[in-house]
Novice: 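Could you have a look at this structure, given as structure tokens, before my questions?
Indexing begins at 1, ligand by ligand and atom by atom, following the structure's order. In this text, all values refer to a predicted model and were calculated from it rather than measured experimentally.
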Amino acid sequence: MMYAALAAPLFLAACGGNKSDSADSDTTMTDTAASTLPEVSTPSATVSNTVELTANDQMKYSTTEIRVKAGEQVTLTLKNVGTMPKESMGHNFLLLGGGTDVEAFATKAMVAKETDYIPADMKSSVMANTKLLGPGESATITFTVPAGTYDFICSFPGHYAQMRGKLIAE
Ligand SMILES: [Cu+2]
């Protein structure tokens, strides 16, 4: 057991040393190192313009950070994976333009039931949105955004405090 625990760091150190000493010639060592990298360096949010997002009965999105490429079309699918009725636990996805006062928007959205919780007088703040989804429903939208960091929220009454995140376009 002791030897096994010691062997790994020693091997890694030797590997790193070899790589820097002979980066051009030692292709075998480079291949070995590359093949093990993805398992140890999985980022929380990878840059992808195909986004799969879920929302559940616990008022949670599956992620609070979405990273996309700026200036290229994003295809985003939101699925409500909950089972509670739409009237009490509906979910949507609203991408808000930079500079939007999220609190003010969400407060107005609460009483905008007629327009799917999108306040008519702040509609211009919405860069993209899905409709309000009931249990098992999903919706796919496409949009393109310039580089920047944007807020996204679920505007169903009482949800945005938990159901919010950042979309980062770079
Ligand atoms: Cu919601």
Side-chain angles (χ1 to χ4, degrees), residues 8 12 33-170:
L12 286 175
S35 69
T36 59
L37 271 177
E39 288 182 6
V40 294
S41 64
T42 307
S44 57
T46 49
V47 177
S48 172
N49 281 30
T50 303
V51 183
E52 305 274 343
L53 191 63
T54 62
N56 64 21
D57 286 345
Q58 285 71 49
M59 286 189 278
K60 288 269 169 63
Y61 283 129
S62 49
T63 185
T64 56
E65 187 181 304
I66 297 171
R67 287 180 175 270
V68 301
K69 272 193 160 179
E72 292 180 23
Q73 183 173 282
V74 177
T75 302
L76 181 143
T77 301
L78 173 66
K79 180 166 195 202
N80 180 347
V81 295
T83 57
M84 289 171 68
K86 184 177 175 177
E87 293 68 31
S88 57
M89 189 53 76
H91 298 299
N92 61 12
F93 171 93
L94 269 61
L95 183 65
L96 302 176
T100 302
D101 183 334
V102 180
E103 277 74 21
F105 184 96
T107 302
K108 280 198 164 182
M110 273 195 274
V111 293
K113 187 169 190 286
E114 299 300 307
T115 48
D116 257 7
Y117 302 107
I118 297 174
D121 63 342
M122 291 186 84
K123 208 165 188 268
S124 60
S125 298
V126 182
M127 301 175 78
N129 70 282
T130 68
K131 61 176 185 165
L132 190 68
L133 302 172
E137 291 183 333
S138 66
T140 300
I141 55 171
T142 57
F143 56 87
T144 304
V145 288
T149 299
Y150 309 92
D151 291 294
F152 65 85
I153 65 167
C154 171
S155 67
F156 192 88
H159 285 200
Y160 94 98
Q162 287 196 79
M163 298 189 72
R164 65 189 295 180
K166 299 280 185 193
L167 182 140
I168 299 153
E170 45 199 2

Novice: Hey, is CD on E114 packed in by over 12 heavy atoms from elsewhere, all under 6.0 Å?
Specialist: no
Novice: Got a salt bridge between D121 and K108, using NZ or NE/NH1/NH2 to carboxylate O under 4.0 Å?
Specialist: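 Yes.
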Novice: Of the non-hydrogen atoms in Y150 and A169, which two are nearest, and what is the gap between them?
Specialist: CE1-CB, 4.3 Å
Novice: Can E170 and R67 be said to form a salt bridge (charged side-chain N to carboxylate O under 4.0 Å, His left out), step by step?
Specialist: CA-CA 8 Å; E170 45 199 2; R67 287 180 175 270; 3.0 Å; yes
Novice: Need the atom name: nearest N/O/S atom of H159 to the Cu ion (ligand 1).
Specialist: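 Nearest N/O/S atom: ND1.
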Novice: Please name the atom of H91, limited to N, O or S, that comes nearest to the Cu ion (ligand 1).
Specialist: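 The closest N, O or S atom of H91 to the Cu ion (ligand 1) is ND1.
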Novice: For the Cu ion (ligand 1), does an N/O/S atom of M89 lie at less than 2.8 Å?
Specialist: no
